[in-house]
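Accompanying notes for the structure given below.
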Amino acid sequence: MLEVLRGIVQEVNAAESLDDALAIIVSRVRAALGTEVCSVYMRDRGGERYVFRATEGLNPALVGRVSLGLGEGLVGLVAEREEPVNLDSAETHPNFRFLPDIGEEPFHSFLGVPIIHQRTVLGVLVVQQKARRRFDESEEAFLVTMSAQLAGAIAHAQVTGDVPHAAAPGLSTKITGVPGAPGIAIGAVCVVSPVADLYTVPRRAAENRRTELRAFKRALDQVRQDVRAVADNLRDELSAEDHALFDVYLGILDDSTIGGEVAARIKAGEWAQGALSQVMIEHIRHFERMEHSYLRERAVDVKDLGTRVLAYLQAEGREEAEYPEQTVLVCEELTASMLGEIPRKRLAGLVSVRGSGNSHVAILARAMGVPTVMGAVDLPYTRLRDMRAIVDGYSGVVHLNPSEELVERYRDLAEQDVALNRDLEALRDEPCETLDGHRLALWVNTGLMADVSRSLERGAEGVGLYRTEVPFLLGERFPSEEEQRRIYRDQLEAFAPKPVTMRTLDVGGDKALPYFPIEEENPFLGWRGIRVTLDHPEILLAQVRAMLKANAGLGNLRIMLPMVTNVAELDEALGLIRRSQQEVEQEGLESPMPPVGVMVEVPAAVYQAAAFARRVDFLSVGSNDLTQYLLAVDRNNPRVSDLYHALHPAVLAALEAVVRGGHSEGKQVSICGELAGDPLAALLLLGMGFDVLSMNATSLPRVKKALRSVTRAEAEALVSEVRGLDNSVQIRHRLESLLNDRGLGQFVPPPLE
Ligand code: PEP
Ligand code: MG
């Protein structure tokens, strides 16, 4: 049964439209259960009626023409109760509703299960049979399993199916994701595929079929040469039988087989990459469905060959990438290097299918001030090229082919944003001082070189977190000690004499170095941060030496350690820092010990804040990770993003505990997670007694304005008041109402529909 289930889900996942998906479902489910009827009713756009959308066994002429309301008929009952209804004699049930001409009369037994996606009933899946017998327990369980698995695919097919309609004037599609970076972008979609992934190639008409055909033939030849070269290299090491496999590979690419099919599709008008990916995916699916495991495994070979050909095609087309004036960059998974590929001036907005609001790329996007939506999981992104789109980075929504009216409303919002930022520019040289004269230091988080000018323009008083992994992420190998020294020197010089807090390399989790892959089942609980660098002291020692040398004659360096969970790690890291310092001095350079701090970003560190503080000069809360670990919510997973409550009472209690722990040892306590850049949260952080708030440069003016509109005593009272609230929604409302009272309601823009 598992095989059948998997097969159906795979086919539905690949469907081109909702109608195709539903046709596959009714035919395959009917066959799998050996029943006489299988139908699907789908909720209409208004969400009020369940429309008869596909059937095998009932009258197909009524498809799309009859519907039932919520609670109406047995289908409406299933939708209303959100659970299965299983009857041996449907027509005797009080809820039964006779639908003329649908042809149900001969069928007595009825089993309907809801299709639920993200807590919404999308439709109802029904099977019926003539015999008066209840479907048995295993049949019911099968249908429930089927429906639960299919719900995501159906939702996806629904949106995919909407997209071609959305291209028609006046019709638009709204896709919901997760807010990534605030702001509004209106522009043209440009889809970027990660390197050589057959499943992410956009559909596109060939501009010149002959050129495309030639490019495909060239790529094919190159792969053939590669395969032959590998075959020659291995001639002495493989048996003749094994060696024959290479002939099979070459055969797959032959003109008379897959190669020929791709060529035919190009001649029919598809561009080479699209034709290749469509043909290869069909063949991969075909192999995957084979009964025999040996043949099934050949799917991997076909995929590998297809990917190689694609890589050559993409390499050829790379320089041609043209970005429209206002580009909305759309991709499966946004990476730091993709951000670097497109000229900043043309980049209006970003949409990523994967990832969530606290993924590291979202943090980079915020720092760059590019409106971003993450986790748009239902976005059929390969079909959106050149389509107009609105990226609403405030509510995490993308509108495809929006109406003029909607564009106008968003334009107004974007203009208000610009006006607000202009007003805030006046605050640049003003201190961050509360109404009763309390000074709070506002620092910035940096990583990219472009952050430097943005930060200084916005009046940053220091750097609370320089993410050293960013230059590591952009290269193709570890930067050498001298290369690092130069990069760090630029940062330190740009801000001197203001302090710059350099965090030692923090990779792992969702930050993978292309040249140092870490493959783990559970990366956020795995080898990351200080754990990696303590296991590789050579990396840490070189990095710290580079920092110390870069600090020569400036003296504004601070060093910070990420992901520390116990004092042994801290002691060991401190030992290595001291050793680096001695080594630098042995080279004849003067190198005073800089202040060293530790990040508090795992729950264990909250309870050890005082013990850590005793050993270092400052603590800095990494609220992004602390929230994910306290709430057990993956910061990178859009499916649970609505549970990532940065203002959760438990998070706030932890923050207070860290301040108490740090101050009890007389040490500075700062916060450098994204929470510090939220004007609402900043009010609480002030009241809790944080000494420094460090945030992305884009947020700094708003936070400053918010803090300058209250007294410290008010903020302290707010913290006490909020301590009495037991959920984050109430806490947020309370903070919003305070900002509203101060005339700063525009810091929290309402969602536009
Ligand atoms: C944090 O976890 O809050 C933090 C600042 O570090 P990063 O986001 O780089 O993991
Ligand atoms: Mg962190």
Side-chain angles (χ1 to χ4, degrees), residues 180-181 334-336 355-368 372 374 443-448 451 462-474 500-513 518 523-533 558-565 569 597-606 609 612 618-637 641 644-648 651-652 654-655 658 669-678 681-682 685 690 692-697 699:
L334 194 58
T335 63
S356 193
N358 283 290
S359 301
H360 280 92
V361 270
I363 293 175
L364 275 185
R366 276 200 284 277
M368 290 168 71
T372 301
M374 303 288 292
W443 294 7
V444 280
N445 298 345
T446 59
L448 302 166
D451 290 334
V463 176
L465 166 62
Y466 169 61
R467 288 186 165 93
T468 57
E469 56 277 6
V470 176
F472 278 69
L473 284 168
L474 299 176
V500 174
T501 311
M502 298 202 160
R503 177 170 74 182
T504 61
L505 187 64
D506 183 22
V507 289
D510 67 338
K511 285 179 287 193
L513 298 176
I518 303 173
F524 278 115
L525 296 184
W527 203 46
R528 60 172 304 211
I530 197 79
R531 301 170 184 180
V532 176
T533 47
R558 302 175 2 136
I559 295 179
M560 183 161 78
L561 302 163
M563 273 297 289
V564 177
T565 48
E569 284 172 334
V598 65
M599 290 191 73
V600 177
E601 48 183 351
V602 296
V606 174
F612 284 2
F618 64 93
L619 300 182
S620 185
V621 176
S623 56
N624 307 333
D625 278 313
L626 186 58
T627 307
Q628 96 162 330
Y629 292 126
L630 270 175
L631 306 184
V633 174
D634 181 347
R635 64 193 271 186
N636 207 27
N637 182 348
S641 63
Y644 188 98
H645 297 165
L647 292 174
H648 190 291
V651 175
L652 300 184
L655 296 176
V658 179
V669 182
S670 66
I671 173 165
C672 60
E674 291 298 292
L675 192 66
D678 175 353
L685 300 171
F690 276 92
V692 179
L693 309 188
S694 188
M695 64 204 72
N696 66 66
S699 305

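Start at 1 and go down the list; that is how both ligands and their atoms are numbered. Remember, predicted model here, so these are calculated numbers, not experimental data.
- Between the R635 side chain and the N358 main chain, a donor and an acceptor come within less than 3.5 Å of each other.
- For atom 6 (O) of ligand 1, the nearest protein heavy atom (residue, atom name, distance) is R503 NH1, 2.9 Å.
- For L465, every heavy-atom contact with ligand 1 shorter than 4.0 Å involves the side chain, none the backbone.
- Among the candidates T565, D625, L525, V564, the single residue satisfying the side-chain contact (heavy atoms from CB on, under 4.5 Å) test with V602 is T565.
- Looking at E674 against ligand 1, nothing comes within 4.0 Å, counting heavy atoms.
- Under the side-chain contact (heavy atoms from CB on, under 4.5 Å) test applied with V621, the options I671, V606, V651 reduce to a single match, I671.
- Side-chain atoms of R531 come within 3.5 Å of backbone atoms of G526 as a donor-acceptor pair (strictly under, hydrogens ignored).
- Nearest to atom 7 (P) of ligand 1 among the protein's heavy atoms is H360 NE2, 3.1 Å.
- With a 4.5 Å cut-off on side-chain heavy atoms, T627 and V633 do not count as touching.
- A donor-acceptor contact closer than 3.5 angstrom links the side chains of N636 and S359.
- Listed by number with element, the atoms of ligand 1 under 4.0 angstrom from any heavy atom of K511 are 9 (O).
- Looking at R528, its side chain never comes within 3.5 Å of a backbone N or O of D506 through a donor-acceptor pair.
- Numbered from 1 in the order shown, with element, the atoms of ligand 1 that lie under 4.0 Å from a heavy atom of I363 read 8 (O).
- Counting atoms of ligand 1 from 1 in the listed order, those under 4.0 Å from a heavy atom of R635 are 2 (O), 7 (P), 8 (O), 10 (O).
- Residue E601 has at least one heavy-atom neighbour below 4.0 Å for each of these atoms of ligand 1: 1 (C), 2 (O), 4 (C), 6 (O).
- For a threshold of 3.5 Å applied to N or O pairs, the pair formed by E469 and ligand 1 contains no separation below that value.
- With the Mg ion (ligand 2) as the vertex, OE1 of E601 and OD2 of D625 span 100° to the nearest 10°.
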